[in-house]
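Everything on this sheet refers to the single structure shown next.
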Amino acid sequence: MNIFRFIADLLHLTSFFILIFKIRKSMNVVGLSYKSKELYLVVFLLRYLDLFLYFVSFYNTIMKILYISLTAYLIYIIRFRRPYCLTYDSQNDSFPHLKFIYPGAALVTLISLDYSNIGLFEICWTYSIWLESLAILPQLHMIQQTKECENITGHYMASLGFYRFFYILNWIYVYYYTEKIQWISTLGGILQTALYSDFLYVYLKSQGRKIEI
Amino acid sequence: SKSKYKKDEL
């Protein structure tokens, strides 16, 4: 554990609480993509299958359980909890996200380099890395449809975007001291941050004013 | 070995 990874994890955790705060305060879920949340739930459920395989640390275990449960809770609020779910904008949450869930899974299974002893978990983990890198697309699509996004939604998306950026700093740090590199997570993280970069640029430039896309 | 595949990141 180093400071970059710790900041990254806290940013990630913060993004959930910003979102819960936004929904409670505004009493609506306008501008939020349910589909992105659904993808994140698949990501966490697949990646954290290792909760049943081995123990790393209390910190990791608690974070994993929080990521899964907070994502499930937000899905419940956005789609099923009244009155919030009545304001869900399904018209603009129109990204065809299911179209890359299945081809992606097939692709990862096919290009796995280490068939012999990789095991099902390794394939699930790899897939979760790539799926996470794309999971924000429905949310980005949504704010592009509406051409603007509320400040607090912007804070939520920015903390979610900067979290992976700080993981990149963490990987650079780890590589510098140990010369170890995990290519899949590093490349997935770079792709993920790149997809956010446009938004993060606009976010930083807006400096708290209304974010227009 | 099993530890080779142990993931310590989130």
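So you know, we letter chains A, B, ... as the sequences are listed, proteins then strands, and number each from 1.
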* How far apart are the C-alpha atoms of A/Y48 and B/K7, what are their side-chain angles, what is the distance that settles it, and do they pass the side-chain contact (heavy atoms from CB on, under 4.5 Å) test? -> CA-CA 10 Å; A/Y48 302 152; B/K7 314 289 184 195; over 6 Å; no
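- Listed by sequence position, the residues of residues 129-142 of chain A in contact with chain B number zero, using a 4.5 angstrom heavy-atom cutoff.
- The environment of OH in A/Y59 is crowded: more than 12 heavy-atom neighbours from other residues, nucleotides or ligands sit within 6.0 Å.
- Within 6.0 Å of CZ in A/F95 there are more than 12 heavy atoms belonging to other residues, nucleotides or ligands.
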* **Evaluation steps, side-chain contact (heavy atoms from CB on, under 4.5 Å), between B/L10 and A/H12** => CA-CA 10 Å; B/L10 294 169; A/H12 195 179; over 6 Å; no
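- Across all their heavy atoms, A/N60 and B/D8 have their closest contact at ND2-O, 3.0 Å.
- Scored by the side chain to side chain contact (heavy atoms under 4.5 Å, CB included) test, A/T61 finds A/L51, A/F55, A/I65 as partners (sequence neighbours excluded).
- Proximity to chain B (any heavy atom under 4.5 Å) is shown, for A/F44, by neither the backbone nor the side chain.
- The number of heavy-atom neighbours closer than 6.0 Å to CG of A/D198, taken from other residues, nucleotides and ligands shown, is 12 or below.
- For B/E9 and A/R47, the salt-bridge test fails: no basic side-chain N is under 4.0 Å from an acidic carboxylate O.
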